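Remarks on the structure that follows.
As the structure is a prediction and not an experimental result, all values here were calculated from the model. Atoms within each ligand, like the ligands themselves, are counted from 1 in listed order.
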Amino acid sequence: MLQRCNPLLLALLSLILCVPDTQQQQQLNLDALSTFSSASTLTLPSHNGDVAISVALCGNPDGSTPRVIFTNSSTRTPTDVNVGTQDVFEILIDEGVGSWVGSIGQGGRLAVTNTGQTKYEVGVSTNAGQPFHQYLGQDGSLFGDSTGNQAIFFSPPFESVGFTRPTYPNYTLPSVQMPFSVSQPSSTPQFALTLVETSSISGLLRRSSCALRATSSKGTVKNQMNWIRDAAEGWRSKWLVEGLTPGTNYSAFVFQDGTKVSGPLYFTTKSASFNCPLVDGLSYCPGVSWAVPLPAPPNPDTTYNASNLPTQITDSLQQYIANFTIALTTIACGRSIYSPIQTCADCQREYRRWVCAISLPRCGEPRGDETSLGRGPSLTTALASPTQQPRNQNFPRVKEGFVELLPCLETCQATDRACPNHVGFQCPLAKFNADKSYGVGFIDSRDGDKEGGLTGVSQDVYGNVWCNSG
Ligand SMILES: *[C@@H]1O[C@H](CO)[C@@H](O)[C@H](O)[C@H]1NC(C)=O
Ligand SMILES: *[C@@H]1O[C@H](CO)[C@@H](O)[C@H](O)[C@H]1NC(C)=O
Ligand SMILES: *[C@@H]1O[C@H](CO)[C@@H](O)[C@H](O)[C@H]1NC(C)=O
Ligand SMILES: *[C@@H]1O[C@H](CO)[C@@H](O)[C@H](O)[C@H]1NC(C)=O
Ligand SMILES: *[C@@H]1O[C@H](CO)[C@@H](O)[C@H](O)[C@H]1NC(C)=O
């Protein structure tokens with residue numbers, strides 16, 4: 001059976017709204033996505049210029065292995081035996097998706113065979129660089145942090161921020177509240193998120209949006225908004241998910257415009273006794289999205305953001321940024337050059353990241369599996385001993401105590417490197433007692449080799465966070 005899908009509705013609802021098609025002729029339309037539930041031979045109209053044809057399997061209920069064969073010749077037939085001969089191509093399916101880019105000046109025919117009970121989608125895009133179905137990789141999306149039942153995620157960046165570098169004589173640094181807090185991106189792709197328990201991921205076609213959408217997502221999205229964590233990366237979509245199960249391994253997939261997939265991001269929810277709430281959505285600390293040692297937020301809120309974070313914490317934090325910016329601009333920024341590569345704007349950006357990481361301590365929880373990653377027993381996350389009093393004295397004492405995930409020493413060193421001497425910024429030395437207050441040796445080695453530390457990164461796609469990079 002052929003179904004026609006309306007790509008506009010698809011984009012609007014990120015759902016497939018398909019109407020059964022009563023016509024017998026199985027014709028694929030250009031710039032459209034169609035869903036099928038049986039083996040078919042589909043014809044394509046001719047088109048000047050390259051097209052991208054993509055196929056996604058919507059699951060594999062009976063273990064069949066569909067084959068997809070395409071010809072762009074009007075005289076050839078797309079059969080198994082013709083594969084590899086002139087103008088007959090096999091579209092190989094990997095983790096549920098496959099695509100072909102080329103010209104269809106004579107039209108084309110696509111044969112999908114051996115489908116069993118597998119449903120599938122076929123998309124034909126006249127923008128050859130943008131097939132309907134795409135796998136965007138594992139790195140683009142980001143996991144923020146989790147509690148026992150909540151988690152924060154970010155989509156891959158989708159729009160850059162048009163920050164112009166300030167120049168002398170009008171050297172204006174970003175204000176304490178980052179300017180994007182009052183703007184929005186020019187257009188936002190349709191994003192959606194699916195969470196599955198990692199224990200059930202093995203049979204999933206993890207690059208196929210249509211297969212992933214068919215699984216029921218765990219948890220509920222409490223809030224989704226556009227956010228800039230880092231001006232160099234640009235706009236991302238940000239989710240707060242609630243209703244998860246404590247101590248559970250999850251995998252998160254992000255969909256863009258219904259059919260593009262990134263992920264999986266693996267993460268683990270904290271134990272049920274983890275009692276630090278999440279904080280994010282601070283326009284003066286845009287990179288903050290982690291659990292902090294504070295009591296539960298005021299009802300009915302379930303997380304902290306700029307609207308409910310105690311003012312004794314936010315006032316001084318904003319003053320640090322404001323006062324530092326004043327001290328920084330006592331040199332003629334943009335005219336008196338203190339470094340061939342660093343500018344006052346770099347210094348302010350790095351200081352902001354550092355002061356936010358220091359002022360909003362991040363709660364951690366030992367995972368107990370850190371030596372199971374094959375990197376030897378020396379690899380553990382940078383956790384301070386349990387304490388009741390956060391080092392930021394503006395935080396109240398935590399009755400039950402908490403464990404701090406220490407900031408990465410590299411976050412401090414980046415500020416030290418980016419800033420002129422007169423602001424007097426200094427970091428403790430790795431070889432002395434830096435590891436009392438920082439995670440040392442994870443990103444860079446203790447001797448300072450770039451990314452030569454135990455992990456080379458502060459956080460990986462498996463949900464491990466070694467230190468807080470801010
Ligand atoms: C079929 O596509 C291939 C790859 O784009 C191209 O080289 C070939 O000329 C096409 N054949 C026809 C008949 O259009
Ligand atoms: C200085 O730059 C800021 C930010 O780019 C701009 O808003 C302001 O109008 C400029 N002032 C002058 C006098 O050009
Ligand atoms: C979660 O994943 C970790 C690391 O892969 C594993 O050691 C642990 O047993 C898993 N936990 C559960 C509850 O499955
Ligand atoms: C802050 O939280 C409130 C209440 O939950 C919510 O309405 C608002 O959109 C949030 N703002 C940001 C920037 O996250
Ligand atoms: C910022 O500077 C003002 C004025 O000098 C001072 O009163 C205030 O204590 C400073 N704030 C912080 C957090 O250092």
Side-chain angles (χ1 to χ4, degrees), residues 44-53 69-78 82-91 99-110 124 126 128-129 131 144 150 152-154 176-178 180-184 220-229 235-242 277-290 296-330 351-352 355-356 358-360 392-394 423-425:
L44 278 84
S46 66
H47 174 75
N48 283 329
D50 283 1
V51 296
I53 301 167
I69 297 161
F70 177 67
T71 180
N72 58 350
S73 156
S74 56
T75 57
R76 313 268 310 163
T77 43
N82 286 344
V83 167
T85 62
Q86 178 157 17
D87 292 339
V88 183
F89 309 93
E90 173 151 21
I91 300 179
S99 61
W100 180 87
V101 176
S103 64
I104 52 167
Q106 303 180 357
R109 271 167 302 157
L110 184 79
V124 185
T126 54
Q150 302 163 307
I152 295 177
F153 301 94
F154 297 88
V176 172
Q177 312 277 342
M178 293 293 280
F180 64 75
S181 54
V182 293
S183 68
Q184 278 295 313
T220 52
V221 174
K222 171 82 183 296
N223 180 315
Q224 180 183 0
M225 61 165 61
N226 292 322
W227 193 252
I228 296 174
R229 276 178 85 248
W235 288 100
R236 295 174 183 263
S237 191
K238 169 167 78 69
W239 288 269
L240 169 66
V241 177
E242 301 196 332
L278 294 169
V279 59
D280 78 334
L282 307 178
S283 59
Y284 41 90
C285 288
V288 171
S289 57
W290 59 70
N299 258 332
D301 300 342
T302 53
T303 59
Y304 283 100
N305 71 18
S307 66
N308 59 1
L309 201 57
T311 51
Q312 81 260 26
I313 294 173
T314 61
D315 286 354
S316 59
L317 178 45
Q318 293 183 69
Q319 276 177 30
Y320 280 125
I321 299 170
N323 290 5
F324 182 84
T325 304
I326 293 169
L328 174 61
T329 49
T330 57
Y351 175 81
R352 186 191 294 270
V355 78
C356 294
I358 296 293
S359 305
L360 297 168
N392 179 345
Q393 298 293 324
N394 294 316
V423 298
F425 193 88

Exercise. Do you know which two heavy atoms are closest between P297 and P277, and how far apart they sit?
Worked result: CD-CB, 3.9 Å
Exercise. Judging by distance only, is a nitrogen or oxygen of Y320 under 3.5 angstrom from one on ligand 5?
Worked result: no
For this session: List for me each residue that meets ring-ring contact (aromatic ring centres under 6.0 Å, His included) alongside F324, sequence neighbours excluded, and say none if there are none.
Result: Y351
Exercise. Which ligand 1 atoms, with their elements, are less than 4.0 angstrom from a heavy-atom of G102?
Worked result: 5 (O)
Exercise. Which value, rounded to the nearest 0.5 Å, describes the distance between D87 atom CG and N72 atom CG?
Worked result: 4.5 Å
Exercise. Does even one non-hydrogen atom of W100 get within less than 4.0 Å of ligand 1?
Worked result: yes
Seminar exercise, completed: Per-atom filter on ligand 5: closer than 4.0 angstrom to a heavy atom of N323 are 1 (C), 2 (O), 3 (C), 8 (C), 10 (C), 11 (N), 12 (C), 14 (O)
For this session: Using distance alone, determine whether Q106 and ligand 1 share an N or O pair under 3.5 Å.
Result: no
Problem set entry | Set of residues that line ligand 4, where lining means a heavy atom lies under 4.0 Å from it | M225, G281, D301, N305, S307
For this session: Keeping to residues at least two apart or across chains, list the ring-ring contact (aromatic ring centres under 6.0 Å, His included) pairs with something in residues 298-321.
Result: none
Problem set entry | Spacing of F89 atom CZ and F70 atom CZ [to the nearest 0.5 Å] | 8.0 Å
For this session: Output yes when the distance from some N or O of ligand 1 to some N or O of S73 is under 3.5 Å, and no in every other case.
Result: no
Exercise. Any donor-acceptor pair under 3.5 Å linking the side chain of T329 with the backbone of I326?
Worked result: yes
Exercise. Is the closest side-chain heavy-atom distance between N82 and T71 below 4.5 Å?
Worked result: no
Exercise. Does Y284 have any ring-ring contact (aromatic ring centres under 6.0 Å, His included) partners at least two apart in sequence or in another chain, and if so, which?
Worked result: none
